[in-house]
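Here the structure is laid out as structure tokens; the discussion comes afterwards.
From a predicted model like this one, the values you see are computed outputs, not experimental measurements. Just so it is clear, the values below take in all heavy atoms, side chains as well, and ignore hydrogens, waters and symmetry mates.
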Amino acid sequence: MSKMLSQIWAVVVMNIRSLPQRIWMSLAAVFAISVVVAVLLSFLSMVKGFQHTLEGTGSEEVAIVTRSGSRSELNSSLSRDEVNIVSTAPGIAKDESDNPIYSPELYVVVDGIKRSSQTEVNLPMRGISLAGFALRDRVEITAGRMFIPGNNEIVVGEGVLREFDGFELGKKIKFGKTNWEVVGTFSTGGSAFESELWADARTVQTQFQRGSSFQTIRLRLSNPGDVAGIKKLIDDDPRLILDVETEADYFAEQGAALEGTIGFGWIISIVMSLGALAGALNTMYTSVSTRASEIATLRAIGFSNLSAFIGTLVESIVLSVLGGIVGALVSFAFMDGLSASTLGASFTQIVFTFDLTPELFQSGIALALIIGVVGGFFPAWQAARLPVIVAFRRGN
Amino acid sequence: MSDLYLIFKNLTRKPLRLFLTVFATFIAFLIYGSITAFQVALDSGVELSADDRLVTVNKINFTQPLPISYVNKVKAIEGIEGVVHMNWFGGYYQDPRQQVLTFAVDQDSLLDVYDEILLSEEERTNWEQNRQAVIVGQSIAQIHGWKVGDRIPLNSNIFSQQDGSSTWEFDVVGVYKGAEAQTDTNSVYIHYKYFNETQSFGGDYIGWMGIRTQDPALNEQVIKAIDEMFVNTTFETETVPEKAFNKAFIEQAGNIGLILGSIVAAAFFIILVIVGNSMVLSVRERTNEIGVMKTLGFQSSRIFRMVLGESLLVAFIGGGLGITLSYGVVFLFNNAPIQLPVLVINSEILLRALAYIAGLGLITGIIPAVSALRLNIITALSRG
Amino acid sequence: MTDKILYDLKNVEKSFVKGKERITVFDQLNMSIKEGDFLAIMGPSGSGKTTLLNMLGGVDQPTGGEVWFDDSRVDTLSEGELAKWRANNIGFIFQFYNLMPMLNAARNVELPLLLTNLSKKQRKQSVETALELVGLADRAKHMPNEMSGGQQQRVAIARAIVSDPKLMLCDEPTGDLDRNTADEILEMLQLLNQKFGKTIVMVTHDPQAAKYAKRTLHLDKGEFVEGDLAA
């Protein structure tokens, strides 16, 4: 057994050592595979980054109530009365004074200039009260101060600052006829809320002619994940045509829209992989034919078919894994941490960063490995079955 | 026997290698054809914008409303051919996830301003006269199986009727076609009056106005006239040419053009390297034969041309197959039940593809062709 | 052999630079070949016989002196002109045949005809004639790897004569063949020379092969020793 292994090892080493003779063909395969892996990982890291942002945004401990069928905060509409009724539902956590912890909010869209394209895009502006702050995990003011209720002041999320122009601290902004001032910056640990502008709910109502209506209510749940009490209240009351779910579920649904992009990314990568596979096969077949007399000589000496087979297969795998690593590193260098923003479900911008996780890295290497194995298998087979007589044939 | 025969014979020496290089080229151009069709479809939304049309929205953001009284004021402005006011209905069909692009509009002016919406005379009359009419685009009609004469329910995810339900019922009086192959036919249009009188929020508000000018040269002054009319009111307006509006809208999603372009570039790089290498190798294997050909009296330039002929032939066969199959891909997508812009491989794409094929053939062949050209007979023969 | 001088080398010098040294292969070499001659050139390796053959074939150019073929100078021709000259005047035969592996016998023979203006029909005729001459008409459609060494060399001969060149240059034509086959080939060359008047120059290290020629020149260190220098 160990004799077999040392045979195989010897052949493998010889194959690898002779690679410089076939440097250009080998590099072609490495390059092709690295490009495919880079493309795949770029896609996946984009999707992953987007998903992370959305996932980090929803909390299991908070319920969100919207008008039935609206499917996004923007489309929803709730009256003051509806807010009051819902706040009395069972299952809502209470503060020290035994008042339910909830936050009625508005969600309007304003224009901002995207830094990268210098075009106008939709930015979300949330009308929120101090209670709303308490309902977001990890929110903190990182510069300036909180807005004063009643004033035309806004605090901007850090994501907004990264991707859009004109929202720096102290800036005065005009939305339509109304003037606002940026008094602070906030962060929420990278969630989608950082793509928003926050202002006092009442001020937003006034300035945007909303009367006393809101768009959503957020409520803290006494039991995380348990919205049954609220749901029952809504179902029993014919005046309330509302949906309730945990904030986590709500944002998870928004992320589901990405399924299409993931599918697209994989399809493109697989199609391109076929092209890279053709390249790998070409390289390996050439490798075998270039070294035909060498391989046959080894066989004539007494090396087994298996060693020829494994030697070639390993050569192919080494090249492809190398390609995979290069592709992953390139993708990491250029993409990881790249900030971008795109259209979210509410037709507003969501800022996110590309995220190349170790998991994704594995996917990339796995793809490279598959190409290497498939690309090496048939040439390896050919190498194993090379007739020994080839060793005695002159030339090629 | 001819030079072409020799080229062919040289290519088929190692059939497997020929297959692999043609296949790789095929893959690259399949990707090119399909993705470019998609890109052109996206751009066409911008390209097909009429020069003489403008869009007027609320200055804060296009999701904010405008008062309906603005419509008549705007109509009176000099240089304007027609105005249609429109509202986003937020429609879906049966399931909230099955979105239908629905617009509540002024039924009398819609077809005058947006003349790429084509209906028969009879359909048009019915549309204008039936309060509960809906005209549906060919594409969306096909997806849901709607025909003229059907009565269909549409829900709104924003508005509700005064009785609390969010379902409205409409008569399908027409299935409209687009004037161009790539005109959007995924939208449906209903009467604003019917919608406004039955919806529960009240208030006579519109979403935006589509405006047609008498001449594109008048755009500038019309834009100015409209926006100045409403400056310093509660509802300030922002008017832009339709092209600019559509462009900005698409760019909200991100630089899709860059992403798609990068994918195609990556695919081309891959084959460039694979095929180029193959060609260099295959010529190197033939050093001896090239020497013999030159000895027989073949001019170096003729051999140069034959090598280039090989790489060009590979490019044309592989590229040709790839583009041909992308027609198939485009066909599949166009007939799939998804709301996508219509994909078309137009002559522009075809010409560009041919140029890329020729370019690829030249680039992959130039190095081996030059080395064949310069090959010294004595060196060549001694290597064999 | 007529009295017309087909090929005339006058004071030809051939040298090249290797590293820092200048290596001279020929210095003041003189040689004439008459039309219809069958000349064998023998010599040890390094004597310059291959270089001489290359120069006769227009594949290599002298660094000094004059080369006259059929009353016109060859050493001043450009590469493109030389290619044309070779196509019109020379037929080559190599030690290892050098047939195109992907073409059958008939097409291999047809190859030089692609350099002429002959019609397809005319080409076909010439190929048939040539193959018949070498006795391989029935193997016209066979590929080189389906033929023995001797058969391949005969195809090569057919290729060399198909455009009716004035001069045939053979580089060790029997070097890779067994005795019997070698004799067959040499007999064929003799036939071409005696019956068809082809002028033949053959480089060989085999004295038996040289016997088939009309005269032999011995080359040593770039100089002719013994034998006739001029006829």
Side-chain angles (χ1 to χ4, degrees), chain A residues 24-25 27-29 31-32 35-36 38-39 42-43 46 67-72 74-77 108-111 114 116-117 119-123 175-178 208-209 238-239 241 260 268 271-272 274-279 281-283 285-286 289 340-343 347-349 395-396, chain B residues 14 16-17 19-28 30-31 35 58-65 90 92 96-97 155-160 164-166 201 232-236 238 247-248 251-255 259 262-263 266-267 269-271 273-278 280-281 285 338 384:
Chain A
W24 292 112
M25 279 306 276
L27 281 180
F31 180 79
V35 169
V36 171
V39 167
S42 299
F43 253 107
M46 176 173 79
R67 219 181 59 94
S68 189
S70 53
R71 298 201 69 231
S72 87
L74 181 67
N75 297 337
S76 173
S77 178
V108 297
V109 181
V110 297
D111 282 338
K114 194 162 174 168
S116 56
S117 62
T119 53
E120 240 174 32
V121 295
N122 295 348
L123 275 183
F175 291 132
K177 244 188 70 179
T178 55
F208 288 85
Q209 283 84 43
R239 294 169 299 171
I241 308 170
I268 287 287
V271 171
M272 284 177 80
L274 290 174
L277 183 64
L281 277 167
N282 209 15
T283 299
Y285 270 121
T286 304
S289 75
S341 65
T342 187
L343 220 48
F347 256 165
T348 53
Q349 294 283 311
N396 182 335
Chain B
K14 289 199 168 167
L16 189 60
R17 175 186 288 170
F19 171 75
L20 290 174
T21 44
V22 167
F23 182 77
T25 312
F26 157 76
I27 291 282
L30 175 66
I31 291 178
I35 288 195
N58 186 310
K59 190 163 177 200
I60 299 176
N61 184 271
F62 66 74
T63 58
Q64 304 288 346
Y92 63 86
R97 279 169 300 190
N155 291 59
S156 168
N157 59 21
I158 307 174
F159 306 101
S160 40
S165 108
S166 65
F201 288 165
N232 280 325
T233 63
T234 319
F235 298 91
E236 289 190 316
E238 188 179 320
K247 193 154 189 274
E251 279 181 18
Q252 297 228 29
N255 205 339
I259 296 176
S262 307
I263 294 176
F269 256 117
I270 292 180
I271 43 160
V273 164
I274 292 174
V275 177
N277 239 292
S278 240
V280 166
L281 198 68
E285 287 167 358
I338 346 172

message: Please identify, among A:Val271, A:Ile241, A:Thr178, the residue contributing the most non-hydrogen atom pairs under 4.5 Å to chain B.
response: A:Val271
- prompt: Non-hydrogen atoms of chain A under 4.5 Å away: do they reach the side chain of B:Ala28, the backbone, both or neither?
  reply: neither
- prompt: Any side-chain heavy atom of B:Asn61 sitting closer than 4.5 Å to one from A:Asn122?
  reply: yes
- prompt: Are A:Thr286 and B:Lys14 side-chain neighbours, meaning at least one heavy-atom pair lies under 4.5 Å?
  reply: no
- request: Pick one of side chain, backbone, both or neither for B:Ser262, based on which atoms fall under 4.5 Å of a heavy atom in chain A.
  value: neither
field: B:Phe19 versus chain A, the contacting section by heavy-atom distance below 4.5 Å
entry: neither
query: Can you tell if the side chain of A:Met272 reaches within under 4.5 Å of the side chain of B:Ile31, non-hydrogen atoms only?
result: yes
field: Heavy-atom side-chain proximity of B:Ile60 to A:Asp111 below 4.5 angstrom
entry: no
task: Would you mind checking which part of A:Val39 comes under 4.5 Å of any heavy atom in chain B, side chain (CB onward), backbone (N, CA, C, O), both or neither?
output: side chain
- request: Look at A:Met25, A:Gln209, A:Arg67 and state which one has the largest set of heavy-atom pairs under 4.5 Å with chain B.
  value: A:Arg67
- prompt: Any side-chain heavy atom of B:Ile274 within less than 4.5 Å of one from A:Phe31?
  reply: no
statement: The interface call for B:Leu281 against chain A, heavy-atom contacts under 4.5 Å, is side chain
- prompt: Should A:Trp24 and B:Val280 count as side-chain neighbours, where that means a heavy-atom distance under 4.5 Å?
  reply: no
